[in-house]
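Here's the structure, in structure tokens; my notes come after.
Just so it is clear, the model here is predicted, and its values are computed rather than measured. Order of appearance sets the numbers: ligands from 1, and atoms from 1 within every ligand.
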Amino acid sequence: MVANSTHHEQASAIMKLMADSPLLRFPKSFLWGAATSAHQVEGGLRNNWTEWERVHASRLARGAAKAFDTPSVHWYRIKHEAVSPENYISGRGIDHYHRYEKDFDIAQDLRLNTYRFSIEWSRIEPKRGEFDMVALEHYRKMIQSLRRRGIEPMVTLWHFALPLWVEEQMGFQNPKTISDFGKYVRRVVEYLGEDVDWWCTINEPEVFATMSYWIGLWPPQQRNMFTAIGAYASILPRAHIKAYKIIKELYPQAKVGISKNMIWYTSQGKFVTPAIARLWNWFGNYYFLDQIKKHQDYIGLNYYFKYNLRGLKWDIDQQNPSDMGWGLHPEGMYALLKAMGHRYTQPLIITEWGLADAQDESRAWYIKEVLRNVHRAMTEGVEVRGFVYWSLLDNFEWDKGYWPKFGLVEVDRTTMKRTVRPSAREYAKIIQAGGLD
Ligand code: BGC
């Protein structure tokens, strides 16, 4: 858990071993994982997203041609799915709710020893104060099923989607939601805590606040910078701290953190632009983590892209793009790990990173290159405990729907057939060997 001297001694012994080996070896205890989240895979849900999808699917389909027909997106490949309103309805998901046993067989076959997934608040508490024991029992079975296969469950308590009653009271714009979140967390942890060591309270607070309350691309489509800042800078950190305290009160040994999306900011120019980049870097990357510094046992890092700042304007770097048009920059992982290792004392876990790659052209390369960068940071002293790829399975990518294919495993949504992608086999070989050449 939080660093103590024995733990540091162990860490430096591991570091020495890693640096001395001609191969890129990872510690035996390393967490090798893949992730999903409930709304993106389960199917059969009713929450703020399902209501929003019904109303906005046609608009999103009409807008797709304009939004994605760019040189950085292989539009001709995704077009047939992206222009169909059905693509934007989560619906049956990929039926992970019913097929999890089979999906865990695949995870086991791929040698994964960790699975990060989320509990769906709208299932557990469909109405304020009414807790659904059948839903809780479902998650207990999932956790036991992972444990039987020797896979460590890493459980996210809230990953973007909200129960309708929470959305009606204005979600995390309303400080009242903090205590409601606390009550939900208590129930879940009382029920499942015995079998869970790793908890993630909140997924990507900055992404949620920006997309939902600032640029308004996600429900409830608020466009108010102050609301977004209020949620990000005050309400969500307080919600995390509340959840942290509840979990530690019930299970003091549990390891609790959040997943924080980290952006690799770069800038051109001499004075003003780098200063602005530093400000964004501080507020976007570190502000939240600094607020909860004393209330986390590990730091979860999600890394997807690099921002280039030019003057006051920033853009996602699109060099060597994934299907989403996000440039693939493995060295960003090294830069962020080093910066975080320097700033915080807690161990780091890469709780998400990955790419949409329907043709599976770049995934194996990217996995290896990112891992080389993780290894490099580790040999230079950064304590990284695990590496969790997004995602185990193709899934519902929020306002983009089903066309982006992030999965190690391809899913045919008509038959629900699962097919392991070649890159996943490469990942499995690395895990089995404990590293790469
Ligand atoms: C989120 C996931 C999402 C992934 C790819 C992260 O922002 O936690 O829900 O699917 O990135 O965009």
Side-chain angles (χ1 to χ4, degrees), residues 33-42 45 47-49 52-53 60 67-68 72-73 78 82 87-88 90 93-94 96 115-121 154-162 200-212 214-215 217-219 232 236 240 257-264 284-285 288 299-307 316-318 321-329 332-333 336 349-358 362-363 366-367 370 387-409 411:
T36 61
S37 88
H39 185 78
Q40 296 177 269
V41 294
E42 283 189 353
L45 292 166
N47 57 30
N48 66 330
W49 268 88
W52 185 81
E53 290 157 19
L60 293 169
F68 302 110
S72 63
V73 176
I78 63 165
N87 171 70
Y88 301 92
S90 57
I94 52 159
H96 185 58
Y115 180 58
R116 175 173 174 241
F117 68 99
S118 76
I119 305 271
E120 174 64 25
W121 189 355
M154 193 175 276
V155 182
T156 305
L157 286 155
W158 176 59
H159 195 125
F160 296 157
L162 290 169
C200 167
T201 57
I202 292 178
N203 182 68
E204 300 191 342
E206 180 210 350
V207 172
F208 170 78
T210 307
M211 299 295 275
S212 300
W214 186 354
I215 56 176
L217 291 178
W218 289 2
Y232 172 67
L236 288 164
H240 163 79
I258 65 157
S259 275
K260 176 69 184 74
N261 68 296
M262 301 295 286
I263 294 173
W264 186 30
N285 281 343
F288 196 99
I299 301 181
L301 171 169
N302 295 0
Y303 167 62
Y304 286 95
F305 39 72
K306 170 180 171 194
Y307 273 178
I316 289 191
D317 185 292
Q318 298 192 325
S322 71
D323 292 350
M324 304 265 292
W326 302 345
L328 304 176
H329 297 285
M333 184 64 93
L336 289 168
I349 296 187
I350 297 152
T351 43
E352 267 184 50
W353 74 278
L355 74 165
D357 180 14
S362 310
R363 193 175 280 105
Y366 197 41
I367 289 175
V370 171
F387 181 79
V388 179
Y389 176 83
W390 182 273
S391 168
L392 177 63
L393 301 141
D394 284 344
N395 62 54
F396 183 75
E397 177 59 20
W398 306 108
D399 60 320
K400 310 290 178 297
Y402 284 105
W403 71 255
K405 312 292 183 196
F406 277 88
L408 291 170
V409 179
V411 180

**Complete:** Between Thr201 and Leu157 the two heavy atoms that sit nearest each other are O-CB, 3.6 Å
**Asked** Hey, would you say the Phe160 and Trp218 ring centroids sit under 6.0 Å apart?
**Response**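 Yes.
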**Prompt:** Nearest protein heavy atom to atom 7 (O) of ligand 1, by residue and atom, and its distance?
**Reply:** Glu204 OE1, 2.4 Å
**Message:** Among all protein heavy atoms in this structure, tell me which lies nearest to atom 6 (C) of ligand 1, with the distance rounded to 0.1 Å.
**Reply:**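 Here the nearest protein heavy atom works out to Glu352 OE1, 3.0 Å.
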**Heavy atom of Asn261, distance to ligand 1 below 4.0 Å** =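 It does not; every heavy atom stays at 4.0 Å or beyond.
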**Prompt:** At a 4.0 Å threshold, what atoms of ligand 1 neighbour a non-hydrogen atom of Trp398?
**Reply:**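 Listed by number with element, the hits are 2 (C), 3 (C), 9 (O), 10 (O).
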**Prompt:** Near Gln40, which atoms of ligand 1 are under 4.0 Å from a heavy atom of that residue?
**Reply:**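 Those qualifying, in numeric order: 2 (C), 3 (C), 9 (O), 10 (O).
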**Message:** List the residues meeting salt bridge (Lys or Arg N to Asp or Glu O under 4.0 Å) with Glu352, not counting sequence neighbours, and say none if there are none.
**Reply:** Arg116
**Asked** What pairs with Glu204 under salt bridge (Lys or Arg N to Asp or Glu O under 4.0 Å), at least two apart in sequence or on another chain?
**Response**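 Counting only residues at least two positions away or on another chain, Glu204 forms no salt bridge (Lys or Arg N to Asp or Glu O under 4.0 Å).
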**Asked** Heavy-atom distance to atom 11 (O) of ligand 1: which of Trp326, Trp390, Tyr304 wins?
**Response**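 Considering heavy atoms of Trp326, Trp390, Tyr304, the nearest to atom 11 (O) of ligand 1 sits in Tyr304.
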**Request:** Ignoring hydrogens, just give me the one of His159, Met324, Glu397 whose non-hydrogen atom is nearest atom 12 (O) of ligand 1.
**Result:**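 Selected option, by shortest heavy-atom distance: Glu397.
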**Complete:** So for Val207 against ligand 1, with non-hydrogen atoms under 4.0 Å, the contacting part is neither
**Prompt:** Counting N and O atoms only, with roles assigned by atom type, does the side chain of Ser391 sit under 3.5 Å from a partner on the main chain of Ala35, one being a donor and the other an acceptor?
**Reply:** yes
**Prompt:** Does any donor atom in the side chain of Ser322 or Asp357 lie under 3.5 Å from an acceptor atom in the other side chain?
**Reply:**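 Distance-only check fails for Ser322 and Asp357.
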